[in-house]
Amino acid sequence: MTAFRLSMATRLRQTPFTHRVETSGVTAYSVYNHMLLPSVFRSLEEDYWHLRSAVQLWDVSAERQVEIDGPDAFPLIQLTTPRDLSRMQNDQCCYIPVVDDHGRLQNDPVLVRLGATRFRASLADSDLLLFYKGLASGLGMDVSVFEPDVSPLAVQGPLANELVRNVFGEDTVRLRYFRHRRVSVAGTNMVISRSGWSRQGGFEIYVEGSENGEPLWDLLFEAGHDLDIRAGCPNYIERISGGLLSYGNDMTDEHTPFEAGLAKFCNLETPLCLGHRALVEQQEPSRMIRPIEILGEPVPEIRDRWMVADEKGNPAGSISSTVWSPEFKTNVAIGMVDRHANLPGSRIVVHAPDGEREAVIRDAFWL
Ligand code: THG
């Protein structure tokens, strides 16, 4: 494999934790929302086993924040998602598919409600700030939409509870899934929630003020010494095995929430969002996201979608994410497969760069 360097630049934003991440031995970065997102420390596999057994600190600052404040904050946000937010509490987080007026996915942020008229969206990789600003201005809404100086730091892994108990106390460990609370440690304010982009459990801390990043990182690292804490990052093997979808990879602005398997977040009983009519017409998609097992040797690195064909050789969709799983000893994958070929158990052929591969549609993800 050819090795490349990523040219750094001022516009390729660092995070409040970048220095710590580099001291901790990051070996690969991805770029996400114009910002550095660590992707490997020791190796994908070593990082994977450690995430499955201990606790990691993840610099996920690249999940940039869009804050929406003001009397029209709620109506503006509801206009962009088919998920019914009417019962959302002030201590709640909600995963929301965001769609345009054609019902196409624009992003899938975690929305954090901070008060009756105050929200923050924690973005996947697209410039959603512009979408909200454009809508607010075009509709003459009474809101301010801006990027606050807030950086998410995730604490993930089976020992996350212990670490969080040591640092934030029992009340924080008692947080239910997708609930948050405001805490203060050593004079620093932050919101902490039980959530995160892994299946190992854990928390996300929304650190307010870049200058507070390194002190908090150090504090958590010291408190986690006996728990074998390490710097980590969203792990490609773990997230594919766990079926966590990645916007820009597994679904894009060409796909609807139904194609992306997000029907449970779509309430179409009453018109809630701009894309309502389009979504009503697209409830039975002609293709859908599926867990797929690609048989044989470990697959090469995927850099663009790999086309798939059905048993007769006809085009049937594509693979968007795949990697060898050292735990399941097979290649785990996510792909968008046409209806006629996507029933669990169906065999398909994947056109990988190293040749044709046999693959099977699975009925569930691995984790
Ligand atoms: N945390 C925060 N911000 C984020 C992410 C995150 N922004 C970018 C990206 N990740 C957004 N995408 C997702 C995708 C899936 C989930 C969260 C964010 C997720 N899904 C759960 C599932 O699929 O089971 C639960 C969804 C639910 O039931 O509400 O957690 O990770 N801050």
Side-chain angles (χ1 to χ4, degrees), residues 15 30-35 37-39 51 56-67 80-85 87-89 91-99 105-114 119-129 147-148 150-157 160 175-181 190-208 232-236 238-253 255 257 260-267 289-291 320-321 334 364-367:
T15 85
S30 186
V31 176
Y32 194 93
N33 286 321
H34 317 280
M35 196 174 242
L37 173 65
S39 56
L51 172 62
Q56 297 182 348
L57 222 49
W58 294 2
D59 173 9
V60 282
S61 304
E63 295 166 350
R64 288 316 308 152
Q65 306 294 296
V66 171
E67 183 157 335
T80 67
T81 180
R83 181 160 181 181
D84 181 0
L85 300 175
R87 293 172 200 277
M88 186 177 186
Q89 305 293 305
D91 68 343
Q92 204 176 345
C93 313
C94 278
Y95 175 57
I96 55 166
V98 169
V99 300
L105 280 166
Q106 304 300 302
N107 202 299
D108 65 336
V110 173
L111 181 69
V112 178
R113 186 168 204 165
L114 298 168
F119 297 82
R120 281 192 205 130
S122 181
L123 302 190
D125 190 14
S126 80
D127 293 320
L128 203 64
L129 177 78
E147 186 188 283
V150 173
S151 303
L153 179 67
V155 179
Q156 300 286 299
L175 274 172
R176 286 183 290 142
Y177 190 53
F178 270 63
R179 295 287 166 153
H180 68 76
R181 65 194 301 262
M190 55 204 112
V191 166
I192 182 167
S193 60
R194 186 181 283 284
S195 54
W197 212 54
S198 86
R199 294 289 178 209
Q200 307 314 310
F203 300 81
E204 293 178 302
I205 306 172
Y206 296 89
V207 186
E208 301 177 5
C233 49
N235 183 275
Y236 194 60
E238 201 271 351
R239 80 98 181 153
I240 296 175
S241 316
L244 287 163
L245 303 183
S246 168
Y247 184 77
N249 288 318
D250 307 317
M251 70 283 202
T252 68
D253 62 3
H255 302 113
L262 302 176
K264 69 173 171 176
F265 302 112
C266 296
N267 182 319
I289 275 189
R290 284 286 186 255
S320 48
S321 302
I334 299 175
F365 285 97
W366 290 258
L367 290 174

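Because only heavy atoms are used, hydrogens play no part in the values below, and waters and symmetry mates are left out as well, while side chains stay in. Just so you know, ligand 1 is whichever comes first in the structure, and atom 1 is the first atom listed for that ligand.
Between Glu238 and Arg199, no side-chain nitrogen of the basic residue sits less than 4.0 Å from a carboxylate oxygen of the acidic one, so the salt-bridge criterion is not met. A salt bridge links Glu208 with Arg120: at least one charged nitrogen is closer than 4.0 Å to a carboxylate oxygen.
Scanning the protein for heavy atoms near atom 11 (C) of ligand 1, the closest one is Asp108 O, 3.1 Å. Tyr177 OH, 3.2 Å is the protein heavy atom nearest to atom 25 (C) of ligand 1. In this structure, atom 3 (N) of ligand 1 lies nearest to the protein heavy atom Ser122 OG, 2.7 Å. The protein heavy-atom contact nearest to atom 1 (N) of ligand 1 is Glu204 OE2, 2.6 Å. The nearest heavy-atom contact from the protein to atom 19 (C) of ligand 1 is Leu244 CD2, 3.9 Å. Ranking the protein heavy atoms by distance from atom 31 (O) of ligand 1 puts Trp197 CB, 3.3 Å first. In terms of protein heavy-atom proximity, atom 4 (C) of ligand 1 is nearest to Glu63 CD, 3.3 Å.
Looking at Tyr247, Tyr206, Tyr32, Trp58, it is Tyr32 that brings a heavy atom closest to atom 9 (C) of ligand 1. Atom 28 (O) of ligand 1 has its nearest heavy-atom neighbour, among Phe265, Phe365, Phe178, in Phe265.
The side-chain contact (heavy atoms from CB on, under 4.5 Å) test with Tyr95 singles out one residue from Thr81, Leu111, Leu262, and that residue is Leu262. Screening Phe203, Tyr177, Tyr206 against Ser193 for a side-chain contact (heavy atoms from CB on, under 4.5 Å) leaves a single residue, Tyr206. The side-chain hydrogen bond (donor to acceptor under 3.5 Å, both in side chains) test with Ser195 is passed by exactly one of Gln156, Arg179, Glu204: Glu204.
Remark: the Asn249 side chain and the Ser320 side chain contain no N/O donor-acceptor pair separated by less than 3.5 Å. Side-chain contact of Ser126 with Asn107: a donor-acceptor pair under 3.5 Å is present, judged by distance alone. A side-chain donor from one of His34 and Asp127 sits under 3.5 Å from a side-chain acceptor of the other.
In terms of N/O distances under 3.5 Å, ligand 1 is not approached by Tyr95.
Contact analysis puts Arg199 in contact with ligand 1, with a non-hydrogen atom separation below 4.0 angstrom.
Residue contact check: Ala124 has heavy atoms under 4.0 Å from atoms 7 (N), 8 (C) of ligand 1.
Looking at Leu123 against ligand 1, only its backbone comes within 4.0 Å, counting heavy atoms.
Using modelled atom types, one side-chain atom of Asp59 and one backbone atom of Ser61 make a donor-acceptor pair closer than 3.5 Å.
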